[in-house]
Amino acid sequence: MTEQNKRTLCPDKVLRRHFEMAFFSQILCDLKSADLYVEGSDQYSDYREELISWEEYAQQVNSNLGFIRIRQ
C-alpha cells in the first residue's frame, strides 16, 4: 500500500486506493461475521425476511444454474 520495498512501522505515504480497498474489505468481512454492526440498523428491514425457503430454492436451483451456465 505504500510503494516501499521495506516495511516500516509508520510509512510516510500510503496509496489511497489500496488503503481504501483493504479498509472496506475488512469492514465487509467484519459485517458478515457480526464482529461489526451498524447501530440502529435493526430499525430497518430484517435480512432474514428476504431469504427464500429451502423448498423455493430447490424449485429454482436448476433454472438458475442453467442461466449462469453451471452444471450441477
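The two residues Val14 and Phe19 have their closest heavy-atom pair at CG1-CB, 3.7 Å.
With sequence neighbours excluded, no residue satisfies side-chain hydrogen bond (donor to acceptor under 3.5 Å, both in side chains) with Arg17. Ser53 meets the side chain to side chain contact (heavy atoms under 4.5 Å, CB included) test with Glu55, Glu56; sequence neighbours excluded.
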Can you give the donor-acceptor pairs under 3.5 Å from side chains of residues 33-40 to other protein atoms, not counting sequence neighbours?
{"unit_1": "Ser33", "atom_1": "OG", "unit_2": "Cys29", "atom_2": "O", "d": "3.2"}
{"unit_1": "Ser33", "atom_1": "OG", "unit_2": "Asp30", "atom_2": "O", "d": "3.3"}
{"unit_1": "Ser33", "atom_1": "OG", "unit_2": "Asp35", "atom_2": "OD2", "d": "3.1"}

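Note: Glu20 CD to His18 NE2 = 10.5 Å, rounded to the nearest 0.5 Å. Considering CE of Met21 and CG of Leu15, their distance stands at 13.5 Å, rounded to 0.5 Å.
Leu28 and Phe24 fall into different hydrophobic clusters, where Ile, Leu, Val, Met, Phe, Trp and Tyr are joined by side-chain heavy atoms under 4.5 Å apart, directly or via other members.
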